[in-house]
Amino acid sequence: VQLQASGGGLVQAGGSLRLSCAASGRTLSNYVMGWFRQAPGKEREFVARINWSSGLIYYATSVKGRFTISRDNNKKTVYLQMNSLKPEDTAVYYCASTTGWETSAQRYDYWGQGTQVTVSS
């Protein structure tokens with residue numbers, strides 16, 4: 001599976017951004033797609049995941065109610081709509097895929113290249 005993340009940028013606190021992750025390669029119906037983020041000096045942190053076939057979703061507590069993960073089967077793309085952004089959301093955001101219902105980054109097999117999100121106060 002090849003993943004290409006995009007959509008990052010600079011936004012003021014309270015603003016919104018939508019990240020995209022275009023997938024290609026193997027049949028995606030067997031996969032769970034996840035979003036992670038990593039701020040400078042911190043470990044990579046789980047943000048959200050979605051089961052490609054069932055649409056089942058799970059969010060980290062820190063983003064629940066502000067971020068929305070979704071998928072477009074025809075475009076083979078997963079989205080992360082980020083609203084009410086805070087300075088602490090500043091990080092490089094990565095999309096990743098795995099075959100299990102996983103939260104740990106170590107359980108994800110394929111990774112996109114990351115896209116920078118910067119939220120100014």
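Residue numbers start at 1 and run along the sequence shown. Since this is a predicted model, take the numbers as computed values, not measurements.
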Return a table of donor-acceptor pairs under 3.5 angstrom between the side chains of residues 4-24 and protein atoms on other chains or two or more places apart.
from : atom 1 : to  : atom 2 : distance (Å)
S16  : OG     : N83 : OD1    : 2.9
S24  : OG     : Q2  : OE1    : 3.4

Name each donor-acceptor pair under 3.5 Å that joins a side chain in residues 33-46 to protein atoms two or more places apart or in another chain, with its distance.
from : atom 1 : to  : atom 2 : distance (Å)
R37  : NE     : E45 : OE1    : 2.8
R37  : NH1    : D89 : OD1    : 2.8
R37  : NH1    : Y93 : OH     : 2.9
Q38  : OE1    : R44 : NE     : 3.2
Q38  : OE1    : R44 : NH2    : 3.2
Q38  : NE2    : K42 : O      : 3.1

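T118 meets the side chain to side chain donor-acceptor pair (under 3.5 Å) test with Q116; sequence neighbours excluded. For N30, the side chain to side chain donor-acceptor pair (under 3.5 Å) test picks out no residue, with sequence neighbours left out. Every side chain to side chain donor-acceptor pair (under 3.5 Å) that S53 has, sequence neighbours left out, goes to N51. The side chain to side chain contact (heavy atoms under 4.5 Å, CB included) check on D109 picks up T98, with sequence neighbours excluded. Legend: residues meeting side chain to side chain contact (heavy atoms under 4.5 Å, CB included) with S104, ordered by chain and number and at least two apart, are Q106, R107. With sequence neighbours excluded, no residue satisfies side chain to side chain contact (heavy atoms under 4.5 Å, CB included) with T61. Here S84 pairs with R66 under the side chain to side chain contact (heavy atoms under 4.5 Å, CB included) rule; sequence neighbours left out. With sequence neighbours left out, the side chain to side chain donor-acceptor pair (under 3.5 Å) criterion links W52 to N73.
In the hydrophobic clustering of this structure, W111 does not group with L80; members are Ile, Leu, Val, Met, Phe, Trp, Tyr whose side-chain heavy atoms approach within less than 4.5 Å, directly or through other members. Each of Y94 and I69 belongs to its own hydrophobic cluster when Ile, Leu, Val, Met, Phe, Trp and Tyr are linked at side-chain heavy-atom distances under 4.5 angstrom. The hydrophobic cluster containing W101 does not contain I50, counting ILVMFWY residues as joined when their side-chain heavy atoms lie under 4.5 angstrom apart, directly or transitively. Placement of V117 and V78 within a single hydrophobic cluster is found when ILVMFWY residues are connected by side-chain heavy-atom separations under 4.5 Å, directly or transitively. Note on Y79: it does not cluster hydrophobically with L56, by side-chain heavy-atom contacts below 4.5 Å among ILVMFWY residues.
T77 and R71 are not linked by any side-chain donor-acceptor pair at a separation below 3.5 angstrom, with hydrogens and angles left out of the test.
Remark: side-chain polar atoms of Y108 are not paired, donor with acceptor, to backbone N or O of C95 under 3.5 angstrom.
The shortest distance between side-chain heavy atoms of F67 and L85 falls below 4.5 Å. Looking at heavy atoms from C-beta onward, R49 lies out of side-chain contact with I57 at the 4.5 angstrom threshold. Side-chain contact between Y110 and Y31: present, with at least one pair of heavy atoms (C-beta onward) separated by less than 4.5 Å.
Legend: disulfide (SG to SG under 2.5 Å) pairs involving residues 54-88, not counting sequence neighbours: none detected. Applying the disulfide (SG to SG under 2.5 Å) rule to pairs touching residues 43-80 yields nothing, sequence neighbours excluded.
More than 12 non-hydrogen atoms from other residues, nucleotides or ligands lie less than 6.0 angstrom from OH of Y59.
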